[in-house]
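Quick note on labels: first sequence line is chain A, next is B, and so on, each numbered from 1.
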Amino acid sequence: MGLAMLVLLPTFDPASPYAAATHHLLLISLWMAAGIFALVCFLVFYAIIRFRYRPGQGTPKRISGNRNLEIAWTVGPFLLLVYLFIATLHSMAGTDPSAKNAAPALTVIGHQWWWEVRYPDGVVTANEVHIPAGQRLLIRLEAADVIHDFWVPRLGRKMDMIPGKPNEMWIGASQPGVYQGSCSEYCGREHAWMRFKVVAQTPADYTAWLSQQAQLPPAPSSAEAEQGAKDFQQLTCANCHRIAGTAASSGVAGPDLTHVGSRLTLGAGRLINNPQNMREWLRSPETYKPGCYMPNLRLTPAQLDALTAYLEGLK
Amino acid sequence: MSDIPLSPLNPEWPRAQAESRAHGGLLSWVASIDHKEIAIMYLITTIFFFVVGGLEALAMRVQLAIPNNHFVSPEVYDQLFTMHGTTMVFLVVMPVLIGLATYFVPLMIGARDMAFPRLNALSYWLLLLGGALLYYSFLTSRAPDMGWFSYAPLSEKPFAPLPGPSFWALGLLLTGIGTVASAINIIVTTFSLRAPGMTMRRLPLFVWMSMVNSFVILFALPALNAALVMLLVDRKLSGNFFTPASGGSAILWQHFFWAFGHPEVYIMVLPAFGIISEVIPVFSRKEIFGYPFVAASTVAIGLLSFAVWAHHMFAVGMGHAMDVFFAVGSMLIAIPTGVKIFNWCATLWYGSIQFTTSMMYALAFLLEFTIGGLTGVMFTLVPVDWQVTDTYFVVAHMHYVLFGGTAFALFAAGYYWFPKITGRMLSERLGRWQFWTVLIGFNMTFFVQHILGFDGMNRRVFTYPDLPHWGLYNMISTIGAFILGFGALLFIINIEYSRRHGAIAGDNPWNAWTLEWATTSPPPPQNFDAVPPVRSRRPVWDLMHPEDPDWKDSH
């Protein structure tokens, strides 16, 4: 049962060649650690049982040291470390191959407390990274405010996102699937809810997704949604959020909402994206993410319904 | 060195001290420059802050007991983990070790006091003032909430406009200056006040390690102190050291902080090694195995500790060359640490082991610290670090080092030296209960956190989604934390009870061999009327066994 649980752990269930290279080293280090721990346990417990005080026993004989033993337990660990060092170099090359002069295929920007994802042809999305399965993409990591960290345990290494110092790394997934990611560097109040998903799709699905994201969103399909579109522009939503093809073209403080209806979660992994949660989120963001920068606009029930209909229609 | 007289400073002041103490009351403590009284103030202060930091930890564990909990707000949670870390590192572990050194280094080398008694008092009062300033921040709008390593730019004005980080920097600056002064004091004391015959090769290992530790402090703390001043300049004078938006560097802070911060880990553990090196031989009834190797490996750790700091920064993206350099440095430090573990184990072998509470803690230390050390080696394997850094695996690792290592050693020291400090024994019966409670509580709290780290749970999250097993492991950890908290409480109860009702200890209840046991318990203000001749590493053994002294045997 213990082993079965270990297999369920994402760090022991690599889904990319990069994570697999780490996983290999992780297993080596765990076995080695277990072996050394067992040795120390033996040394201690054998002594506890065999060399415990017994009444009538005299003073133990003087032993001040043994040069050969000292050499043995200096050289032995040293050789083990040499082995681990070589294994580490191999694993580093496999986990984090050089980018050479490749151009980044997409850019992820960390914000307090959400993720902006930019593709080269102007597609901007948030809190989920779509990639084609079976291929590798070079991903550029930036930060807009404080230091964040991009981590998808099943896909590979974590990498800090540092203001003023962009980083690059390869990302890929062998099989289509949805992979959990999170910010791993403490970044303030809502660090816990700075989560995201990597969605690996078949190359055909990925291409379809990308071209769909590049299009303008469909026009509101009901009177209520149409009212929501007006509210979005007239209330302060448009100050922070952009929706392509509308007057709301300059907001950058919050996520781009052009295709928000097609996303899996709201509030960077806080809520599953459905109309009911969207309405709740708009009603009171601070209930779900206390400290987040989205203000409570004290919307009326009618405004909530209208905005929900509009935003959920942006697919 | 051997011709240094016994009381080289001012022979008048111990009498003045005795008179001031005769008046009693608070003033005699506030005005004290006696190393033993100052040390007792250190110990009481650190126990107080240990309780505070422990309560902060329990509040965090309640919040994390179940997913999506609302016991505290994220705002409060962030203050809790920042203050817990800062308190435990700067107001508990470091000063308690300095306090023990302040009490026992002069006694163990046969001196009357520290080299600079007034500086000694200043160090303590700076600690108290720094701690008070840090905690005063709770009375302003908000305590520091940016984590104990205070990464820029989160600690800078645009993201932390309230004064918390400024109090943090000022408080640590004060304690930091006091710590550097203590280090100088311990070094000078060890070099110049040793009793005749107490050569460096006969120095008790606790003194050896406290001295090496003081050198590490001397070179590491100034990096922090300078960085703290720079942070204050940024925050109060609109400087731009660590603000990328205006041309500063966020990574610069990390280099400064960890250039202090990793040596700091050894600062928090080397004197604990010293304690273990005293306790294990005494309760094995056998001298330490490989004395020169245990002492020299301490020096090696001290030197290497300055070439490892950026292993905290593998995820920064420094490039593979930098990563490999710091990986090698960090791997190498495992060797002298391993040498110590094996020498302690070898000391046990062919001994006659007495299971006092102190010894049980020392034995548990060997196992718990080994776990912490081995997970430490895992962090030097760069890709493993890339996976698990900043997760609960780190939280587990560091608590195995600092609790399973240092705190277990401190409990061992508590049972070992309490009789010397107070003249009464701690209750062994209560000690057994305390030991098993702490052992079970500690492992229950922290072992599962390794798994949580592998499971992808980041550190410093005020809550977590309801993913498979996360709730279960966190609940186990929370229950363990309360058991551990109860164990810590038993220790305080034992102290309170035993200092009034404990059995009278006598000069040397453990039949130990170093000089602190050659005087009364508690020692008189002048420590010794006469120091026994030091002709080996175990002068008190020689005194008690004139028919079979060590110095005839070897050394």
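Across all their heavy atoms, B/Arg460 and A/His191 have their closest contact at O-CD2, 3.3 Å.
Here A/Gly156 is the residue among A/Ala143, A/Gly156, A/Ala34, A/Gly291 with the most heavy-atom pairs under 4.5 Å with chain B. Counting heavy-atom pairs closer than 4.5 Å to chain A, the top residue among B/Ile288, B/Val339, B/Val328 is B/Val339. Highest contact tally toward chain B, considering only A/Val152, A/Leu89, A/Ile36, is held by A/Ile36 [criterion: heavy-atom pairs under 4.5 Å]. Interface remark: of the candidates A/Asn167, A/Asn66, A/Ile63, A/Ile63 forms the most heavy-atom pairs closer than 4.5 Å to chain B. Considering only heavy-atom pairs separated by less than 4.5 Å from chain A, the leading option among B/Pro244, B/Ser284, B/Gly147 is B/Pro244. Chain A forms more heavy-atom pairs under 4.5 Å with one residue of B/Ala250, B/Gly338, B/Gly351 than with any other, namely B/Gly351. Note: B/Trp386 leads B/Phe355, B/Phe462, B/Trp386 in heavy-atom pairs under 4.5 Å with chain A. Ranked by heavy-atom pairs under 4.5 Å with chain A, the list B/Tyr350, B/Phe283, B/Tyr464 is led by B/Tyr350. Across A/Arg52, A/Arg67, A/Met92, the residue that shares the most heavy-atom pairs under 4.5 angstrom with chain B is A/Met92. Residue with the most contacts toward chain A among B/Leu348, B/Leu374, B/Thr380: B/Leu374 (heavy-atom pairs, distance under 4.5 Å).
In this model, a donor atom of one side chain and an acceptor atom of the other lie less than 3.5 Å apart for A/Gln57 and B/Ser352. For the 3.5 Å distance criterion, the side chains of A/Thr95 and A/Thr22 qualify, holding a donor opposite an acceptor.
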Would A/Glu286 and A/Asn296 satisfy side chain to side chain donor-acceptor pair (under 3.5 Å), going step by step from the backbone distance to the final call? CA-CA 7 Å; A/Glu286 76 277 8; A/Asn296 184 335; 3.1 Å; yes
Any chance you could lay out the salt bridge (Lys or Arg N to Asp or Glu O under 4.0 Å) test for B/Asp550 and A/Arg62, step after step, and finish with the verdict? CA-CA 9 Å; B/Asp550 275 353; A/Arg62 281 194 183 84; 2.7 Å; yes
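With a 4.5 angstrom heavy-atom cutoff, B/Thr463 touches chain A via backbone and side-chain atoms both. Residue contact with chain A, scored on non-hydrogen atoms closer than 4.5 Å, is absent for B/Gln79. Looking at B/Pro468, neither its backbone nor its side chain comes within 4.5 Å of chain A, counting heavy atoms on both sides. With a 4.5 Å cut-off on non-hydrogen atoms, A/Phe45 touches chain B through its side chain but not through its backbone. For B/Val316, the parts lying near chain A are the backbone and the side chain together; criterion is any non-hydrogen pair under 4.5 Å. Within the 4.5 angstrom heavy-atom criterion, only side-chain atoms of B/Ala346, from C-beta onward, approach chain A. Looking at B/Phe149, the atoms closer than 4.5 Å to chain A (heavy atoms on both sides) all sit in the side chain, from C-beta outward. With a threshold of 4.5 angstrom between heavy atoms, A/Leu141 does not approach chain B through any atom at all. Contacts of B/Phe393 with chain A are absent, with no heavy-atom separation under 4.5 Å from either backbone or side chain. Only the side chain of A/Thr59 comes within less than 4.5 Å of a heavy atom in chain B; its backbone stays farther off. Heavy-atom distances place both the backbone and the side chain of B/Asn343 under 4.5 Å from chain A. Only the side chain of B/Ile251 comes within contact range of chain A, with heavy atoms under 4.5 Å apart. Looking at A/Leu69, the atoms closer than 4.5 Å to chain B (heavy atoms on both sides) all sit in the side chain, from C-beta outward. If you measure heavy-atom distances from B/Phe289 to chain A, the contacts under 4.5 Å come from both the backbone and the side chain. For A/Leu26, the parts lying near chain B are the backbone and the side chain together; criterion is any non-hydrogen pair under 4.5 Å. For chain B, the nearby part of A/Arg270 is the side chain; its heavy atoms alone come within less than 4.5 Å. With a 4.5 Å cut-off on non-hydrogen atoms, B/Ile341 touches chain A through its side chain but not through its backbone. With a 4.5 angstrom heavy-atom cutoff, B/Phe314 touches chain A only via backbone atoms. The contact between B/Ala152 and chain A is made entirely by backbone atoms, counting heavy-atom distances below 4.5 Å.
Classified by interplanar angle (parallel below 30°, tilted 30° to 60°, perpendicular above 60°), the ring pair B/Trp541/B/His545 is parallel. Using a 30° and 60° split on the angle between ring planes, A/Tyr46 and A/Phe42 fall in the tilted class, from 30° to 60°. Taking the six-membered ring where tryptophan is involved, the planes of A/His148 and A/Trp115 are tilted, since the angle between them lies from 30° to 60°.
Taking the six-membered ring for Trp, A/Trp170 and A/Tyr18 have ring centres at least 6.0 Å apart. Checked against the 6.0 Å centroid criterion, the rings of B/Trp148 and B/Phe81 do not qualify as a close aromatic pair.
Under a 3.5 Å cut-off, the side chain of A/Trp193 and the backbone N or O of A/Trp114 do not form any donor-acceptor pair.
For the pairing with A/Tyr293, the side chain to side chain donor-acceptor pair (under 3.5 Å) check across A/Glu190, A/Arg189, A/Gln112 returns one residue only, A/Gln112. In summary, of the residues considered (B/Asn458, B/Thr391, B/Thr389, B/Asp390), a side chain to side chain donor-acceptor pair (under 3.5 Å) with A/Ser184 occurs for B/Asn458 alone.
With respect to A/Asp160 and A/Lys165, no salt bridge is recorded, no charged nitrogen being found less than 4.0 Å from a carboxylate O.
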Using residues 71-85 of chain A as the side-chain source, report each donor-acceptor pair under 3.5 Å to any protein atom, sequence neighbours left out, with the distance given to one decimal.
residue	atom	partner	partner atom	Å
A/Trp73	NE1	A/Glu70	OE1	3.0
A/Thr74	OG1	A/Glu70	O	2.7

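Note that B/Arg537 lies in the cation-pi zone of B/Tyr291, set by a 6.0 Å cut-off to the ring centre and a 45° limit from the axis.
Under the salt bridge (charged side-chain N to carboxylate O under 4.0 Å, His left out) criterion, A/Asp149 pairs with no residue, sequence neighbours left out.
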